[in-house]
Amino acid sequence: MEKRFDPSSYEKKWQERWSEGEFFMAEAPSSKPSFCIMIPPPNVTGNLHAGHALQTTIQDLLTRWKRMCGYNALWLPGTDHAGIATQLMVERQLIQEGTDRQSLGRERFLERAWEWTRQHSGHIRSQLDRLGASCDWSRERFTLDELLSKAVRAAFVSLYREGLIARGEYMVNWSPGLETAISDLEVEMRAVAGKLYHIAYPVEGSDERIVVATTRPETMLGDTAVAMHPQDDRYAHLRGGKAILPLVGRQLAFITDEAVELEFGTGLVKVTPAHDLTDFEMGQRHDLESLQVIDRKGRMTAEAGAEFAGLDRFVARERVVQMLQEQGYLVKVEDYAHNVGHCQRSGVPVEPMISTQWFMDVEGMAGQALEAVASGDLRLVPDSWNKTWDHWLENIRPWCISRQLWWGHQIPAWYTPSGEVFVAASREEAAELAGTDEITQDPDVLDTWFSSALWPFSTLGWPEDSADFRTFYPTDVLVTGFDIIFFWVARMVMTGLHFTGCTPFHAVHLTGLIRDADGQKMSKTRGNTVDPMELVEEYGADAVRFTLAILDSPGRDIPLDLDRMAGYRSFGNKIWNAVRFSLSRVGRATVQESLEVAELAAPERWILSRLSKTAKEVNEKFAEYRFDEACQRLYHFFWGELCDWYIELSKPALAGDSPRPQVGEVLLTVLDRSLRLLHPVMPYLTEELWQRLPGREEIHPATICLAPYPVAEVAWEDPATEGRMEVFFQIVAWARNLRAEIGVPPRDKATLFLDSADAEMLSFLGDLEAMAIPLLRLDELRLESPPTDAHSDVVAGVAVGLVIPEREMSAEDRERLVGEREKLLEQRERTQDLLANEAFLAKAPDKVVEQNRLRLEEIRDRLERLEAGLAGDGPGVS
RNA sequence: GGGAGGUUAGCUCAGUGGAAGAGCACCUGCCUUACACGCAGGGGGUCGUGGGUUCAAAUCCCUCACCUCCCA
């Protein structure tokens with residue numbers, strides 16, 4: 001076996017073999033229970049980032065675990081067409097070529113977009129493959145596939161016919177950057193250091209001037225009223241009168257409306273129904289005229305007046321302010337920090353605008369989604385998200401689902417020349433409904449998230465009653481970042497409940513955000529992003545996966561620490577060498593399916609007992625989505641118990657110095673199960689090493705991917721042996737510590753004395769003689785009371801003594817012992833006080849009282865030895 | 001303004017009522033033929049502040065401070 005541990009020497013090999021085989025293909029139908037995860041589809045033309053690597057790791061871990069547990073496991077991969085993102089990329093390409101989408105035309109633009117998509121479509125797969133993702137690629141899906149498009153049309157038509165989707169003229173969030181409407185979720189509030197302009201409006205037929213305050217003076221050009229709160233007595237005299245709009249001269253009625261805040265500015269506000277949501281609603285209540293003064297590109301319209309028409313809205317603002325100033329209407333300007341909605345994608349301030357769009361009424365579905373979490377049908381992990389979930393769904397508003405884009409699912413609505421609308425799954429059907437062939441399809445496309453919302457079932461063939469749908473739906477768990485809990489998760493739950501009558505998954509594991517080592521958010525602008533493929537290159541996929549999994553503690557962001565990743569690569573090296581060593585020493589031994597523990601010596605019984613408990617715990621932790629704790633346990637078991645203790649203890653037996661029954665068999669069997677336990681997290685390394693274990697082909701499938709996942713072996717659990725071995729380990733630690741503290745050169749041999757009133761314990765320790773001697777570099781082990789010239793102490797009830805020839809107690813030794821005595825005295829006092837406390841004796845559980853009694857006893861024993869050592873001339877006590 | 005989370009060893013984080021843990025970093029000694037991506041040993045924390053409940057609090061309750069994020 002190669003001495004060098006080098007992940008690159010085997011990771012690609014297994015990646016290729018796995019993809020040749022059909023290990024990851026799920027069956028439908030199947031006699032086995034199903035387990036299904038739908039990948040959150042990455043953007044088809046995108047790149048995997050660190051967050052994807054985390055989610056991929058978790059999803060693959062779960063899928064591999066369940067597959068090994070005997071489930072018909074499906075992890076369905078796929079990509080999203082990502083309407084805006086992809087369209088922007090193609091448009092950028094066109095601009096470089098000196099053209100644009102308008103001059104290309106819709107059809108040719110879409111051809112280009114498909115070409116672009118095809119060019120990139122293999123990229124995501126190759127990255128997932130490299131991470132070891134065990135997806136079923138025979139079921140790969142793309143949101144614009146015909147299969148999914150059919151589902152999108154079916155869902156749209158159904159919702160339309162139920163009256164839950166409708167077209168209407170409302171105020172929407174308009175992105176002048178993208179020139180499309182966007183949903184509330186795509187608006188990002190940003191703190192802006194703006195100004196508050198106080199503007200005087202003359203009152204008609206009076207010398208009085210009222211003052212209104214606004215952060216957006218350019219919208220005054222579209223004002224059609226002035227509003228006050230109905231209980232505001234300050235302006236009662238103005239009711240029924242009119243104000244005159246400066247610069248324009250239009251008459252503005254005074255209206256009263258509850259929406260006006262008494263405390264804001266003077267209490268009088270300008271009303272611009274076409275460019276502010278509150279004003280729009282007031283406009284509807286009071287039947288106000290609505291004047292659109294800003295267009296789709298964010299420029300002033302002709303309605304704004306000849307002086308402003310065509311100006312950018314921010315240029316117009318300066319101009320309006322300047323003119324107000326010149327004409328004496330500007331009362332004052334204050335600095336004003338406020339939040340302004342920005343288009344998440346383009347970064348441009350959103351322009352509230354009245355426009356005709358398709359809206360989906362989600363209130364009823366939101367109620368069902370609320371109920372699903374409240375009743376426990378759907379579990380959010382961690383459940384600290386429940387409140388956020390409730391709050392959002394309780395305040396949900398209609399979802400604007402139409403986008404003025406070309407790349408996406410074109411809305412399945414057709415119009416007759418007279419403007420009548422027919423919604424149908426196909427043009428033919430629409431024509432039939434319309435009774436004419438002269439129909440044109442709505443040019444808009446659906447919000448990308450509309451098709452994503454159907455992902456868990458559209459990918460399985462819904463609305464057809466397919467074998468896949470019957471086998472895998474509802475799916476089991478969704479693994480995704482909390483940042484898309486509303487964009488995606490809530491909407492999948494809503495549509496799932498609506499169309500399929502159940503939540504599309506039973507649990508949602510929400511991962512934290514990957515941050516850099518300093519805890520900073522990763523972003524392209526900061527330049528601190530990490531390319532997971534580079535990490536894989538440097539550390540190996542297994543180390544990347546192990547690091548991400550062990551750092552994934554619930555509800556917390558993950559600072560990606562590369563030192564730590566290097567540490568887990570070392571763990572791979574450790575595993576490699578443990579197997580290499582074992583294979584070179586076990587002779588003809590083979591992996592066993594089961595072992596009869598009664599015939600085994602203590603170290604074998606101990607490691608098998610520990611293995612059983614580890615298997616039990618790892619299964620439990622996986623089931624609880626505590627991947628961090630599961631990995632912690634695996635790491636500690638393999639390194640801290642198997643390597644540090646068991647392999648060391650088995651060396652004398654393997655060398656034939658002190659044979660024990662079935663040492664090789666036990667070692668190989670423990671390795672077999674350990675590798676299987678580790679496989680979901682470290683698939684490559686475990687497969688590579690597992691293949692080399694002699695005898696495993698007799699009892700297992702050809703790949704570790706399909707081998708059974710280890711569970712607890714109750715017959716192997718042996719608490720008594722574990723307890724005694726623990727005493728032995730403590731004694732070894734005591735002796736090692738002593739040797740190191742007093743600086744005994746490693747070559748110097750010593751004699752260990754052990755004595756105990758517990759005869760069984762003593763004989764147990766005596767049986768470990770052959771192991772204690774090399775571990776502690778002893779001349780001999782003697783089961784008798786330590787002589788006076790020994791360094792002695794009491795460890796776990798056993799009197800221990802170490803005699804190191806030709807050494808006298810130095811000043812440092814004495815000093816150390818005095819320090820030790822101080823500590824013991826302090827502890828004795830504390831424990832004595834506690835045991836003298838009647839309330840404690842009365843109320844604390846017996847177990848705790850007993851624990852403290854034993855503690856006190858041991859402290860006294862140790863003090864006694866220590867005092868004796870300090871008093872005598874010998875090496876003393878430690 | 002509303003909500004969520006955080007504050008534990010130099011760093012990044014586990015730990016939810018009974019004497020403070022991990023990885024990395026650090027110090028000391030070791031190339032003990034599986035592994036220097038290693039072995040052994042060690043130092044290091046009044047568990048943010050103030051109060052309360054309890055025989056017993058990092059852990060439960062309240063106050064305050066600071067940090068992060070989400071929503072309006």
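Both backbone and side-chain heavy atoms feed into the values below; hydrogens, waters and symmetry mates do not. Sequence lines set the chain letters: A, B, ... in the order given, protein chains first and strands last, and positions in each chain run from 1. Owing to the predicted nature of the structure, the values given are computational and were not obtained by experimental measurement.
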*Between Glu186(A) and Ser183(A), does any side-chain donor sit less than 3.5 Å from a side-chain acceptor?*
yes

*Give the rounded distance in Å between these two atoms: CZ of Phe637(A) and P of rA22(B).*
19 Å

*Looking at the side chain of Ser570(A), which of rC35(B), rC37(B), rG41(B) is the nearest nucleotide?*
rC37(B)

*Supply the atom-to-atom distance Arg564(A) CZ to Tyr539(A) OH, rounded to the nearest 0.5 angstrom.*
13.5 Å

*Taking N and O atoms by type only, does the side chain of Glu629(A) place a donor or acceptor under 3.5 Å from a partner on the base of rA22(B)?*
no

_rA34(B) base / Arg585(A) side chain donor-acceptor hit below 3.5 Å_ = no

*Is there a donor and acceptor pair closer than 3.5 Å between the side chain of Lys574(A) and the base of rC35(B)?*
yes

*Is a donor-acceptor pair below 3.5 Å formed from side chain Arg855(A) to base rA19(B), judging by atom type as modelled?*
yes

_rU12(B) pairs with, by Watson-Crick or G-U criteria that keep both distances under 3.5 Å_ = rA22(B)

*asked:* Are there over 12 heavy-atom neighbours, none belonging to Arg345(A), within less than 6.0 Å of that residue's CZ?
replied: no

*Residue Phe5(A), side-chain atoms from C-beta onward, closest of rC37(B), rU32(B), rG41(B)*: rC37(B)

*Check Asp628(A), Thr547(A), Ile514(A), Ile558(A) against Asp552(A) for a side chain to side chain contact (heavy atoms under 4.5 Å, CB included) and give me the one that passes.*
Ile558(A)

*Write down the partner of rA34(B) under the Watson-Crick or G-U wobble criteria, each distance required to be under 3.5 Å.*
none

_What's the closest nucleotide to the side chain of Asn737(A) if the choices are rG23(B), rG41(B), rA72(B)?_
rG41(B)

*Cationic N near anionic O, under 4.0 Å, Arg830(A) to Glu826(A)*: no

_Base paired to rC60(B) (Watson-Crick or G-U; both N/O distances under 3.5 angstrom)_ = rG52(B)

*asked:* Quick check: on RNA chain B, is the nucleotide nearest Leu834(A) upstream (toward 5') of the one nearest Asp563(A), or the reverse? Name the residue that is more 5'.
replied: Asp563(A)

*Would you mind pulling out the nucleotide paired to rA4(B), Watson-Crick or G-U wobble, both distances under 3.5 Å?*
rU68(B)

*Interatomic distance at P, rC69(B) relative to rG10(B), whole Å*: 25 Å

_Among rU7(B), rG18(B), rA72(B), the one nearest Ala844(A) by side-chain distance_ = rG18(B)

